[in-house]
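All remarks here apply to the structure that follows.
Chain identifiers are assigned alphabetically (A, B, ...) following the order of the sequence lines, protein sequences preceding nucleic acid strands; residue numbering begins at 1 within each chain. Computation of the quantities below employed the complete heavy-atom set of this structure, encompassing side-chain atoms and omitting hydrogens, waters and symmetry-equivalent molecules.
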2 protein chains.
Amino acid sequence: MAKTLGLRKNPLKDEREQAFKQAALKLFSTKGYHKTTMAEVALEAGFGKGTLYWYWKSKEELYFALVEESHNEFVDLVRRAAEMEGTALEKLAWLGKETVELHYRERDYTKLSWKMRAEELETFSPEYVERMHENNAEIKRELQRIIEQGIEEGTLPPADPYYLACMLLGLVEGMEIQWLEDPEAFDLRKAMEMVLSLGAKVAGQRWSD
Amino acid sequence: MAKTLGLRKNPLKDEREQAFKQAALKLFSTKGYHKTTMAEVALEAGFGKGTLYWYWKSKEELYFALVEESHNEFVDLVRRAAEMEGTALEKLAWLGKETVELHYRERDYTKLSWKMRAEELETFSPEYVERMHENNAEIKRELQRIIEQGIEEGTLPPADPYYLACMLLGLVEGMEIQWLEDPEAFDLRKAMEMVLSLGAKVAGQRWSD
DNA sequence: CTTGTTAGACCAACCGGTCAGTCTTAATTT
DNA sequence: AAATTAAGACTGACCGGTTGGTCTAACAAG
(Lines give C-alpha, C1' and ligand atoms only; values in the text may rest on other atoms or scores of the structure.)
Protein backbone atom coordinates (compact mmCIF):
# COMPACT_ATOMS: atom_id res chain seq x y z
CA MET A 1 0.00 0.00 0.00
CA ALA A 2 0.98 3.59 0.51
CA LYS A 3 4.49 3.60 1.84
CA THR A 4 4.01 7.11 3.18
CA LEU A 5 7.37 7.78 4.74
CA GLY A 6 10.27 6.23 2.98
CA LEU A 7 12.28 5.48 6.09
CA ARG A 8 9.71 3.63 8.05
CA LYS A 9 9.70 -0.09 7.43
CA ASN A 10 6.35 -0.90 8.90
CA PRO A 11 3.91 2.00 8.94
CA LEU A 12 1.70 -0.03 11.24
CA LYS A 13 4.36 -0.34 13.86
CA ASP A 14 3.49 2.78 15.83
CA GLU A 15 -0.14 2.00 15.57
CA ARG A 16 0.41 -1.48 16.93
CA GLU A 17 2.54 -0.17 19.73
CA GLN A 18 -0.28 2.19 20.63
CA ALA A 19 -2.77 -0.66 20.64
CA PHE A 20 -0.59 -2.67 23.00
CA LYS A 21 -0.06 0.29 25.28
CA GLN A 22 -3.72 1.04 25.45
CA ALA A 23 -4.57 -2.55 26.26
CA ALA A 24 -1.85 -2.74 28.87
CA LEU A 25 -2.91 0.52 30.47
CA LYS A 26 -6.47 -0.63 30.76
CA LEU A 27 -5.55 -3.95 32.33
CA PHE A 28 -2.72 -2.80 34.56
CA SER A 29 -4.74 0.08 35.92
CA THR A 30 -7.73 -2.03 36.79
CA LYS A 31 -6.24 -5.37 37.72
CA GLY A 32 -2.80 -4.32 38.82
CA TYR A 33 0.57 -5.54 37.70
CA HIS A 34 0.66 -9.00 39.16
CA LYS A 35 -2.82 -10.05 38.25
CA THR A 36 -2.44 -8.97 34.65
CA THR A 37 -0.90 -11.54 32.36
CA MET A 38 0.94 -10.87 29.16
CA ALA A 39 -1.42 -13.21 27.34
CA GLU A 40 -4.32 -11.02 28.41
CA VAL A 41 -2.65 -7.86 27.21
CA ALA A 42 -1.94 -9.42 23.84
CA LEU A 43 -5.47 -10.71 23.53
CA GLU A 44 -6.98 -7.36 24.52
CA ALA A 45 -4.87 -5.67 21.86
CA GLY A 46 -5.93 -8.29 19.37
CA PHE A 47 -2.54 -9.90 18.77
CA GLY A 48 -0.60 -12.93 19.79
CA LYS A 49 1.66 -13.09 22.80
CA GLY A 50 4.75 -13.50 20.71
CA THR A 51 4.03 -10.23 18.98
CA LEU A 52 3.81 -8.43 22.29
CA TYR A 53 7.28 -9.70 23.09
CA TRP A 54 8.47 -8.45 19.78
CA TYR A 55 7.67 -4.91 20.91
CA TRP A 56 8.79 -5.14 24.54
CA LYS A 57 11.34 -7.46 25.93
CA SER A 58 9.64 -8.06 29.26
CA LYS A 59 6.54 -7.41 31.29
CA GLU A 60 8.48 -5.05 33.49
CA GLU A 61 9.61 -2.98 30.54
CA LEU A 62 6.09 -2.64 29.22
CA TYR A 63 4.85 -1.61 32.62
CA PHE A 64 7.46 1.04 33.17
CA ALA A 65 7.01 2.44 29.70
CA LEU A 66 3.48 3.33 30.76
CA VAL A 67 4.37 4.53 34.21
CA GLU A 68 7.07 6.77 32.88
CA GLU A 69 4.83 8.25 30.23
CA SER A 70 2.42 9.27 32.92
CA HIS A 71 5.09 10.67 35.19
CA ASN A 72 6.66 12.68 32.45
CA GLU A 73 3.42 14.44 31.80
CA PHE A 74 3.25 15.62 35.38
CA VAL A 75 6.90 16.59 35.54
CA ASP A 76 6.32 18.65 32.45
CA LEU A 77 3.41 20.42 34.11
CA VAL A 78 5.39 21.31 37.21
CA ARG A 79 8.27 22.51 35.13
CA ARG A 80 6.05 24.76 33.09
CA ALA A 81 4.52 26.19 36.24
CA ALA A 82 7.93 26.99 37.64
CA GLU A 83 8.95 28.75 34.47
CA MET A 84 5.84 30.79 33.76
CA GLU A 85 5.45 34.45 34.58
CA GLY A 86 3.64 35.52 37.71
CA THR A 87 3.58 35.31 41.48
CA ALA A 88 4.13 32.04 43.29
CA LEU A 89 0.48 31.91 44.23
CA GLU A 90 -0.56 32.32 40.63
CA LYS A 91 1.81 29.57 39.60
CA LEU A 92 0.47 27.24 42.25
CA ALA A 93 -3.10 28.00 41.35
CA TRP A 94 -2.40 27.27 37.71
CA LEU A 95 -0.50 24.11 38.55
CA GLY A 96 -3.23 22.91 40.86
CA LYS A 97 -5.93 23.35 38.26
CA GLU A 98 -3.90 21.81 35.46
CA THR A 99 -2.98 18.87 37.64
CA VAL A 100 -6.58 18.15 38.38
CA GLU A 101 -7.51 18.38 34.74
CA LEU A 102 -4.67 16.05 33.84
CA HIS A 103 -5.93 13.51 36.32
CA TYR A 104 -9.48 13.71 35.08
CA ARG A 105 -8.31 13.40 31.52
CA GLU A 106 -6.05 10.45 32.20
CA ARG A 107 -7.60 8.70 35.12
CA ASP A 108 -6.19 5.32 34.14
CA TYR A 109 -2.69 6.69 34.07
CA THR A 110 -3.16 8.24 37.49
CA LYS A 111 -4.42 4.98 38.84
CA LEU A 112 -1.55 3.07 37.34
CA SER A 113 1.05 5.47 38.54
CA TRP A 114 -0.46 5.39 41.96
CA LYS A 115 -0.53 1.61 42.11
CA MET A 116 3.06 1.35 41.12
CA ARG A 117 4.02 3.80 43.81
CA ALA A 118 2.99 1.54 46.63
CA GLU A 119 3.54 -1.65 44.75
CA GLU A 120 6.54 -3.51 45.92
CA LEU A 121 9.09 -1.07 44.62
CA GLU A 122 11.79 -3.13 46.26
CA THR A 123 11.18 -5.94 43.87
CA PHE A 124 11.49 -4.12 40.59
CA SER A 125 14.82 -3.84 38.89
CA PRO A 126 16.98 -1.16 40.53
CA GLU A 127 17.36 0.53 37.19
CA TYR A 128 13.66 1.34 37.00
CA VAL A 129 13.37 2.23 40.65
CA GLU A 130 16.25 4.63 40.23
CA ARG A 131 14.54 6.37 37.36
CA MET A 132 11.33 6.75 39.32
CA HIS A 133 13.21 8.23 42.20
CA GLU A 134 14.99 10.78 40.06
CA ASN A 135 11.71 11.73 38.50
CA ASN A 136 10.19 12.36 41.87
CA ALA A 137 13.14 14.40 43.03
CA GLU A 138 12.82 16.61 39.98
CA ILE A 139 9.21 17.35 40.79
CA LYS A 140 10.11 18.36 44.32
CA ARG A 141 12.93 20.54 43.10
CA GLU A 142 10.70 22.53 40.79
CA LEU A 143 8.04 22.82 43.43
CA GLN A 144 10.63 24.07 45.87
CA ARG A 145 11.63 26.82 43.47
CA ILE A 146 8.09 28.10 43.35
CA ILE A 147 7.77 27.94 47.09
CA GLU A 148 10.98 29.86 47.64
CA GLN A 149 9.61 32.57 45.44
CA GLY A 150 6.43 32.62 47.50
CA ILE A 151 8.37 32.99 50.72
CA GLU A 152 10.25 35.93 49.27
CA GLU A 153 7.01 37.49 48.18
CA GLY A 154 5.71 37.04 51.70
CA THR A 155 2.68 35.03 50.69
CA LEU A 156 4.02 31.73 51.99
CA PRO A 157 5.29 31.14 55.52
CA PRO A 158 9.04 31.43 56.05
CA ALA A 159 9.63 27.75 56.72
CA ASP A 160 11.94 25.11 55.29
CA PRO A 161 11.03 25.17 51.58
CA TYR A 162 11.94 21.56 50.99
CA TYR A 163 9.53 20.49 53.69
CA LEU A 164 6.86 22.78 52.36
CA ALA A 165 7.31 21.22 48.94
CA CYS A 166 7.00 17.73 50.35
CA MET A 167 3.93 18.72 52.32
CA LEU A 168 2.27 20.34 49.36
CA LEU A 169 3.00 17.34 47.19
CA GLY A 170 1.77 15.13 49.99
CA LEU A 171 -1.46 17.05 50.26
CA VAL A 172 -2.20 16.71 46.58
CA GLU A 173 -1.23 13.08 46.46
CA GLY A 174 -3.29 12.36 49.53
CA MET A 175 -6.29 13.98 47.90
CA GLU A 176 -5.70 11.93 44.81
CA ILE A 177 -6.00 8.80 46.91
CA GLN A 178 -9.29 9.92 48.33
CA TRP A 179 -10.53 10.65 44.86
CA LEU A 180 -9.36 7.40 43.31
CA GLU A 181 -10.93 5.39 46.06
CA ASP A 182 -14.29 7.07 45.91
CA PRO A 183 -14.72 9.56 43.07
CA GLU A 184 -18.43 10.00 43.84
CA ALA A 185 -17.91 11.12 47.40
CA PHE A 186 -14.80 13.17 46.83
CA ASP A 187 -14.69 15.47 43.84
CA LEU A 188 -11.10 16.32 43.14
CA ARG A 189 -11.96 19.54 41.34
CA LYS A 190 -14.00 20.84 44.22
CA ALA A 191 -11.31 19.83 46.70
CA MET A 192 -8.62 21.63 44.75
CA GLU A 193 -10.75 24.74 44.58
CA MET A 194 -11.20 24.64 48.32
CA VAL A 195 -7.50 24.30 48.89
CA LEU A 196 -6.71 27.17 46.57
CA SER A 197 -9.32 29.46 48.03
CA LEU A 198 -8.20 28.68 51.57
CA GLY A 199 -4.63 29.24 50.51
CA ALA A 200 -5.49 32.60 49.00
CA LYS A 201 -7.37 33.64 52.11
CA VAL A 202 -4.48 32.72 54.33
CA ALA A 203 -1.82 34.27 52.14
CA GLY A 204 -2.60 37.75 53.43
CA GLN A 205 -1.50 36.61 56.88
CA ARG A 206 1.43 38.28 58.57
CA TRP A 207 3.79 35.28 58.68
CA SER A 208 6.67 36.81 60.57
CA ASP A 209 6.73 35.89 64.23
CA MET B 1 -13.56 -45.24 80.28
CA ALA B 2 -12.77 -43.79 76.89
CA LYS B 3 -14.15 -40.54 78.06
CA THR B 4 -13.30 -37.65 75.83
CA LEU B 5 -10.51 -35.68 77.28
CA GLY B 6 -11.03 -32.09 78.28
CA LEU B 7 -9.93 -29.29 76.02
CA ARG B 8 -6.22 -28.89 75.91
CA LYS B 9 -4.41 -25.73 75.26
CA ASN B 10 -0.92 -25.32 74.07
CA PRO B 11 0.72 -22.60 76.15
CA LEU B 12 3.04 -22.00 73.25
CA LYS B 13 0.28 -21.37 70.80
CA ASP B 14 0.04 -17.63 71.28
CA GLU B 15 3.76 -17.36 71.19
CA ARG B 16 3.92 -19.26 67.92
CA GLU B 17 1.21 -17.16 66.42
CA GLN B 18 3.24 -14.13 67.34
CA ALA B 19 6.32 -15.59 65.69
CA PHE B 20 4.41 -16.18 62.48
CA LYS B 21 2.93 -12.72 62.54
CA GLN B 22 6.26 -11.13 63.11
CA ALA B 23 7.82 -13.04 60.25
CA ALA B 24 4.92 -12.24 57.97
CA LEU B 25 5.02 -8.56 58.89
CA LYS B 26 8.69 -8.36 58.13
CA LEU B 27 8.39 -10.03 54.76
CA PHE B 28 5.14 -8.48 53.61
CA SER B 29 6.27 -5.01 54.54
CA THR B 30 9.56 -5.28 52.71
CA LYS B 31 8.76 -7.53 49.77
CA GLY B 32 5.06 -6.93 49.40
CA TYR B 33 2.21 -9.37 49.25
CA HIS B 34 2.79 -11.00 45.91
CA LYS B 35 6.49 -11.50 46.19
CA THR B 36 6.29 -13.07 49.60
CA THR B 37 5.62 -16.79 49.64
CA MET B 38 4.04 -18.74 52.43
CA ALA B 39 7.06 -21.02 52.47
CA GLU B 40 9.27 -18.02 53.21
CA VAL B 41 7.08 -16.85 56.04
CA ALA B 42 7.11 -20.30 57.58
CA LEU B 43 10.85 -20.59 57.20
CA GLU B 44 11.46 -17.15 58.66
CA ALA B 45 9.35 -18.11 61.66
CA GLY B 46 11.25 -21.37 61.95
CA PHE B 47 8.45 -23.77 61.12
CA GLY B 48 7.15 -25.80 58.25
CA LYS B 49 4.66 -24.53 55.74
CA GLY B 50 1.95 -26.85 56.90
CA THR B 51 2.12 -25.39 60.37
CA LEU B 52 1.51 -21.92 59.04
CA TYR B 53 -1.67 -23.22 57.50
CA TRP B 54 -2.62 -24.64 60.85
CA TYR B 55 -2.85 -21.09 62.16
CA TRP B 56 -4.32 -19.30 59.14
CA LYS B 57 -6.43 -20.80 56.45
CA SER B 58 -5.01 -18.76 53.60
CA LYS B 59 -2.38 -16.25 52.63
CA GLU B 60 -5.01 -13.60 52.29
CA GLU B 61 -6.28 -14.20 55.80
CA LEU B 62 -2.82 -13.90 57.26
CA TYR B 63 -2.22 -10.70 55.38
CA PHE B 64 -5.44 -9.06 56.44
CA ALA B 65 -4.96 -10.09 60.02
CA LEU B 66 -1.88 -7.89 60.04
CA VAL B 67 -3.39 -5.05 58.06
CA GLU B 68 -6.41 -4.92 60.29
CA GLU B 69 -4.33 -4.95 63.44
CA SER B 70 -2.54 -1.89 62.22
CA HIS B 71 -5.68 -0.10 61.12
CA ASN B 72 -7.44 -0.73 64.37
CA GLU B 73 -4.70 0.97 66.25
CA PHE B 74 -5.18 4.12 64.24
CA VAL B 75 -8.95 4.03 64.41
CA ASP B 76 -8.61 3.77 68.13
CA LEU B 77 -6.41 6.85 68.21
CA VAL B 78 -8.81 8.95 66.19
CA ARG B 79 -11.71 7.81 68.31
CA ARG B 80 -9.93 8.77 71.48
CA ALA B 81 -9.08 12.18 70.07
CA ALA B 82 -12.71 12.80 69.18
CA GLU B 83 -13.83 11.86 72.66
CA MET B 84 -11.28 13.70 74.72
CA GLU B 85 -11.90 17.02 76.42
CA GLY B 86 -10.68 20.23 74.83
CA THR B 87 -10.92 22.41 71.77
CA ALA B 88 -10.80 21.01 68.28
CA LEU B 89 -7.34 22.40 67.79
CA GLU B 90 -6.11 20.69 70.93
CA LYS B 91 -7.60 17.43 69.81
CA LEU B 92 -5.99 17.69 66.40
CA ALA B 93 -2.63 18.57 67.88
CA TRP B 94 -2.80 15.59 70.19
CA LEU B 95 -3.93 13.30 67.41
CA GLY B 96 -1.21 14.51 65.10
CA LYS B 97 1.52 13.88 67.61
CA GLU B 98 0.21 10.49 68.65
CA THR B 99 -0.16 9.45 65.03
CA VAL B 100 3.44 10.29 64.31
CA GLU B 101 4.60 8.40 67.37
CA LEU B 102 2.53 5.42 66.34
CA HIS B 103 4.14 5.39 62.93
CA TYR B 104 7.64 5.65 64.32
CA ARG B 105 6.91 2.87 66.77
CA GLU B 106 5.40 0.58 64.16
CA ARG B 107 7.04 1.53 60.94
CA ASP B 108 6.62 -1.91 59.41
CA TYR B 109 2.93 -1.82 60.05
CA THR B 110 2.66 1.57 58.44
CA LYS B 111 4.54 0.35 55.44
CA LEU B 112 2.37 -2.72 55.15
CA SER B 113 -0.81 -0.78 55.51
CA TRP B 114 0.38 1.63 52.90
CA LYS B 115 1.29 -1.08 50.45
CA MET B 116 -2.01 -2.76 50.81
CA ARG B 117 -3.80 0.50 50.19
CA ALA B 118 -2.55 0.86 46.66
CA GLU B 119 -2.07 -2.81 46.02
CA GLU B 120 -4.64 -4.15 43.68
CA LEU B 121 -7.58 -3.83 46.03
CA GLU B 122 -9.77 -5.04 43.23
CA THR B 123 -8.22 -8.45 43.43
CA PHE B 124 -8.75 -9.22 47.09
CA SER B 125 -11.91 -10.90 48.27
CA PRO B 126 -14.79 -8.45 48.52
CA GLU B 127 -15.24 -9.40 52.12
CA TYR B 128 -11.87 -8.00 53.07
CA VAL B 129 -12.15 -4.97 50.84
CA GLU B 130 -15.49 -4.19 52.43
CA ARG B 131 -13.98 -4.30 55.90
CA MET B 132 -11.15 -1.97 54.90
CA HIS B 133 -13.62 0.46 53.43
CA GLU B 134 -15.75 0.55 56.55
CA ASN B 135 -12.66 1.07 58.63
CA ASN B 136 -11.68 4.04 56.56
CA ALA B 137 -15.13 5.53 56.69
CA GLU B 138 -15.09 5.35 60.46
CA ILE B 139 -11.85 7.29 60.59
CA LYS B 140 -13.30 10.01 58.41
CA ARG B 141 -16.45 10.17 60.48
CA GLU B 142 -14.57 10.75 63.71
CA LEU B 143 -12.31 13.28 62.07
CA GLN B 144 -15.32 15.09 60.73
CA ARG B 145 -16.77 15.39 64.23
CA ILE B 146 -13.64 17.13 65.42
CA ILE B 147 -13.65 19.44 62.44
CA GLU B 148 -17.28 20.39 62.94
CA GLN B 149 -16.42 21.38 66.45
CA GLY B 150 -13.55 23.49 65.15
CA ILE B 151 -15.80 25.29 62.72
CA GLU B 152 -18.23 26.09 65.50
CA GLU B 153 -15.39 27.38 67.62
CA GLY B 154 -14.34 29.56 64.71
CA THR B 155 -10.80 28.18 64.52
CA LEU B 156 -11.41 26.22 61.34
CA PRO B 157 -12.80 27.67 58.10
CA PRO B 158 -16.53 27.26 57.54
CA ALA B 159 -16.27 24.84 54.66
CA ASP B 160 -17.73 21.40 53.93
CA PRO B 161 -16.50 19.36 56.92
CA TYR B 162 -16.42 16.10 55.04
CA TYR B 163 -14.09 17.57 52.49
CA LEU B 164 -11.95 19.10 55.17
CA ALA B 165 -11.71 15.70 56.84
CA CYS B 166 -10.66 14.07 53.59
CA MET B 167 -8.13 16.77 52.94
CA LEU B 168 -6.67 16.55 56.41
CA LEU B 169 -6.42 12.79 56.17
CA GLY B 170 -4.94 13.19 52.71
CA LEU B 171 -2.34 15.60 53.96
CA VAL B 172 -1.21 13.25 56.69
CA GLU B 173 -1.22 10.22 54.43
CA GLY B 174 0.67 12.12 51.79
CA MET B 175 3.30 13.05 54.32
CA GLU B 176 3.54 9.46 55.42
CA ILE B 177 4.37 8.52 51.86
CA GLN B 178 7.14 11.06 51.69
CA TRP B 179 8.50 9.74 54.95
CA LEU B 180 8.31 6.08 54.01
CA GLU B 181 10.04 6.72 50.73
CA ASP B 182 12.89 8.70 52.20
CA PRO B 183 12.98 8.85 55.99
CA GLU B 184 16.37 10.56 56.01
CA ALA B 185 15.29 13.51 53.92
CA PHE B 186 11.83 13.90 55.37
CA ASP B 187 11.44 13.73 59.13
CA LEU B 188 7.80 13.03 59.88
CA ARG B 189 7.99 14.48 63.38
CA LYS B 190 9.38 17.75 62.13
CA ALA B 191 6.82 17.89 59.35
CA MET B 192 3.94 17.33 61.73
CA GLU B 193 5.23 20.05 64.01
CA MET B 194 5.37 22.43 61.09
CA VAL B 195 1.82 21.61 60.11
CA LEU B 196 0.56 22.08 63.64
CA SER B 197 2.37 25.35 64.16
CA LEU B 198 1.17 26.71 60.83
CA GLY B 199 -2.31 25.56 61.69
CA ALA B 200 -2.19 27.33 65.03
CA LYS B 201 -0.92 30.51 63.44
CA VAL B 202 -3.67 30.50 60.88
CA ALA B 203 -6.43 29.62 63.33
CA GLY B 204 -6.67 33.19 64.56
CA GLN B 205 -7.76 34.24 61.09
CA ARG B 206 -11.20 35.78 60.58
CA TRP B 207 -12.72 33.05 58.40
CA SER B 208 -16.03 34.63 57.61
CA ASP B 209 -16.30 36.14 54.17
C1' DC C 1 15.43 -15.49 -1.41
C1' DT C 2 15.76 -12.23 2.45
C1' DT C 3 14.05 -9.58 5.92
C1' DG C 4 10.57 -8.15 8.97
C1' DT C 5 6.58 -9.55 11.47
C1' DT C 6 3.16 -12.50 13.68
C1' DA C 7 1.07 -16.46 16.07
C1' DG C 8 0.54 -19.56 19.56
C1' DA C 9 2.28 -24.04 21.19
C1' DC C 10 5.45 -25.05 24.46
C1' DC C 11 8.50 -25.04 28.52
C1' DA C 12 10.34 -24.56 33.05
C1' DA C 13 9.73 -22.45 37.26
C1' DC C 14 6.95 -21.17 40.82
C1' DC C 15 3.50 -21.14 44.40
C1' DG C 16 -0.74 -21.66 47.20
C1' DG C 17 -2.79 -25.06 49.40
C1' DT C 18 -3.44 -30.18 50.85
C1' DC C 19 -2.72 -34.38 53.11
C1' DA C 20 -1.16 -38.54 55.20
C1' DG C 21 1.28 -39.36 58.67
C1' DT C 22 4.57 -38.30 62.88
C1' DC C 23 5.65 -36.40 67.20
C1' DT C 24 4.50 -34.04 71.71
C1' DT C 25 2.34 -33.65 75.77
C1' DA C 26 -1.80 -32.65 78.77
C1' DA C 27 -5.26 -35.24 80.80
C1' DT C 28 -6.74 -39.46 82.67
C1' DT C 29 -6.33 -43.92 84.64
C1' DT C 30 -4.10 -47.49 87.29
C1' DA D 1 4.35 -42.37 89.65
C1' DA D 2 3.92 -44.78 85.71
C1' DA D 3 1.32 -46.00 81.92
C1' DT D 4 -2.18 -44.87 78.62
C1' DT D 5 -4.76 -42.12 75.44
C1' DA D 6 -5.81 -38.95 72.00
C1' DA D 7 -5.99 -33.82 71.01
C1' DG D 8 -3.52 -31.11 68.66
C1' DA D 9 0.89 -29.31 66.78
C1' DC D 10 3.81 -30.06 63.15
C1' DT D 11 6.08 -31.59 58.71
C1' DG D 12 7.35 -31.51 53.84
C1' DA D 13 6.48 -34.02 49.67
C1' DC D 14 3.23 -33.40 46.42
C1' DC D 15 -0.48 -31.64 43.27
C1' DG D 16 -2.70 -28.66 40.10
C1' DG D 17 -2.80 -24.55 38.06
C1' DT D 18 -0.59 -20.46 36.40
C1' DT D 19 2.49 -17.49 33.87
C1' DG D 20 6.68 -15.12 32.00
C1' DG D 21 9.28 -15.90 28.41
C1' DT D 22 11.08 -18.73 24.14
C1' DC D 23 11.09 -20.97 19.79
C1' DT D 24 9.86 -21.93 15.40
C1' DA D 25 6.95 -22.22 11.55
C1' DA D 26 4.46 -19.41 8.60
C1' DC D 27 3.50 -15.50 6.14
C1' DA D 28 4.01 -10.99 3.77
C1' DA D 29 6.58 -7.79 1.07
C1' DG D 30 10.26 -6.42 -1.65
- Message: Applying a 4.0 Å non-hydrogen cut-off, can you work out what B:T37 is touching in the nucleic acid: base, sugar-phosphate, or nothing?
- Response: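 If one applies the 4.0 Å heavy-atom cut-off, B:T37 turns out to touch the sugar-phosphate alone, with no base involved.
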- Task: Establish, from distance only, whether the side-chain atoms of B:S125 and B:E60 form a donor-acceptor pair under 3.5 Å.
- Result: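 The criterion, which ignores hydrogens and geometry beyond distance, is satisfied for B:E60 and B:S125.
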Between [atom2] on [N] and [atom1] on [X], what's the gap in Å once rounded to a whole number?
X     : N      : atom1 : atom2 : result
B:K35 : D:dG20 : NZ    : P     : 11 Å
B:Y53 : D:dA13 : OH    : P     : 17 Å
A:E15 : C:dT5  : CD    : C1'   : 15 Å
B:H34 : C:dA13 : NE2   : P     : 23 Å
A:M38 : C:dA13 : CE    : P     : 20 Å
A:F47 : C:dT6  : CZ    : P     : 6 Å
B:L43 : C:dG16 : CG    : P     : 14 Å
B:L52 : D:dG12 : CG    : C1'   : 13 Å

- Query: Is the base of C:dG16 touched by the side chain of B:K49 through a donor-acceptor pair closer than 3.5 angstrom?
  - Reply: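 Yes, the side chain and the base share a sub-3.5 Å donor-acceptor pair.
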- Backbone N or O of A:G86 within a donor-acceptor pair of the A:Q149 side chain at under 3.5 Å?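 Such a contact is found between A:Q149 side chain and A:G86 backbone.
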- Query: Counting only side-chain N and O atoms of A:T51, is one of them less than 4.0 Å from OP1 or OP2 of C:dA7?
  - Reply: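 Yes, because at least one side-chain N or O of A:T51 sits under 4.0 Å from OP1 or OP2 of C:dA7.
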- Message: Starting the side chain at C-beta, find the nucleotide from D:dG8, D:dG21, C:dT18 nearest to B:W54.
- Response: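 So the side chain of B:W54 is nearest to D:dG8.
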- Give the nucleotide from the list D:dA13, D:dA9, D:dT11 with an atom nearest to the side chain of B:Y55.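 Comparing D:dA13, D:dA9, D:dT11 against the side chain of B:Y55, the answer is D:dA9.
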- May I ask you to decide if the ring planes of B:F64 and B:Y128 are parallel, tilted or perpendicular, using 30° and 60° as cut-offs?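 The rings of B:F64 and B:Y128 lie parallel, inter-plane angle below 30°.
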- In terms of the nearest nucleotide of DNA chain C, which residue is placed more toward the 5' end: B:K59 or B:G50?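 So the residue in question is B:K59.
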- Ring centroid separation B:W54 to B:F20 under 6.0 Å: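 Ring centres of B:F20 and B:W54 not closer than 6.0 Å.
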- Item | Ring centre gap for B:F124 and B:Y33 strictly below 6.0 Å |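 Yes.
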